[in-house]
Amino acid sequence: MSKKRVAILISGRGSNLQALLNAEQDAYEIVLVISNVPDAAGLERAREAGVDALTLDHKLYGKDREAFERDLDNSLVLRDIEIVALAGFMRVLTPFFVRAWAGRLVNIHPSLLPKHPGTKTHERALAAGDTEHGATVHLVVEEVDAGEIIGQASMPILPSDTPETLAERVLQLEHELYPRCLAQLARKIS
Ligand code: GAR
């Protein structure tokens, strides 16, 4: 079975991208990284790994989200991308893009979905009095953070935890979870 050609979309530091690059890529091959933020640190990580890295600055498109996504889609199609993985990509995607990549568009989210979709997940887990927390890899659907779950990793919340300590420990879980789930998806789709 040939390796699936994967593009990673980022907006920032790219530590999940790094974990995906470092993992054994036997089911997938990362061939492209696109950032919607021009100076995202993750772009440098991609270049150091010898992967094509592009910026597509959403600000140049004003309020026209779909025009941004059409160009994004073109860049992916041009390179024969088969799976798109969001890794700290901080844009909500429109139905146009989500439908175009249905079943092949995956995201990592820092909570145990369906708990705490959206932002500030660590603060909300603490405020809710949760005793466990973690990360989820899921398919992307039109509703935010609501698609089919591919995998989760969880950990206990300690009495001493703060949003910062939770963020740090959840990120460690993410780095192990995402490569495993991406490989699982790559093996499943034809
Ligand atoms: C990660 O914690 C990821 O789960 C989160 O952003 C961080 C990106 O870190 N994603 C979301 O909140 C998506 N809604 P990274 O740039 O170091 O991979």
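Just so we're clear, the structure is a prediction, and the values are computed from it rather than from any experiment. Both counts, for ligands and for their atoms, begin at 1 and track the order of listing.
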> Out of Arg91, Gln18, Arg13, indicate the one that has the non-hydrogen atom closest to atom 7 (C) of ligand 1.
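Closest candidate by heavy-atom distance is Arg13.
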> To the nearest 0.1 Å, how far is atom 16 (O) of ligand 1 from its closest protein heavy atom, and which atom is that?
Gly14 N, 2.9 Å
> If you count the atoms of ligand 1 from 1 in the order shown, which ones are under 4.0 Å from a heavy atom of Ser15?
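Here the atoms of ligand 1 in question are 15 (P), 16 (O), 17 (O), 18 (O).
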> Determine whether the side chains of His109 and Thr121 contain a donor N or O and an acceptor N or O closer than 3.5 Å.
no
> Assess the residue pair His122 and His133 against the criterion (side chain to side chain donor-acceptor pair (under 3.5 Å)); give the C-alpha distance rounded to whole Å, side-chain angles, the decisive distance to 0.1 Å, and a yes or no.
CA-CA 8 Å; His122 311 304; His133 190 39; 2.9 Å; yes
> Closest non-hydrogen protein atom to atom 2 (O) of ligand 1, residue and atom name please, with distance?
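Scanning the protein heavy atoms, the shortest distance from atom 2 (O) of ligand 1 goes to Glu174 OE2, 2.9 Å.
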> Give the single entry among Gly42, Pro110, Ala135, Ala167 that approaches atom 12 (O) of ligand 1 most closely by any heavy atom.
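Checking each option, the heavy atom nearest atom 12 (O) of ligand 1 is found in Pro110.
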> For ligand 1, which atoms have a heavy atom of Leu171 less than 4.0 angstrom away?
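Those atoms are 2 (O).
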> Looking only at side-chain N and O atoms, does His116 offer a donor or acceptor that is under 3.5 Å from a partner on Asp130?
yes
> Salt-bridge test for Glu176 and Arg180: reply yes if a basic N is under 4.0 Å from a carboxylate O, no otherwise.
yes
> Below 4.0 Å from any atom of ligand 1, is there a heavy atom belonging to Met90?
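Met90 counts as a contact of ligand 1 under the 4.0 Å cut-off.
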> For atom 8 (C) of ligand 1, what's the nearest protein heavy atom and its distance?
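Result for atom 8 (C) of ligand 1: Gly88 CA, 3.6 Å.
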> What are the two closest non-hydrogen atoms of Tyr28 and Ala23, and how far apart are they?
OH-CB, 4.0 Å
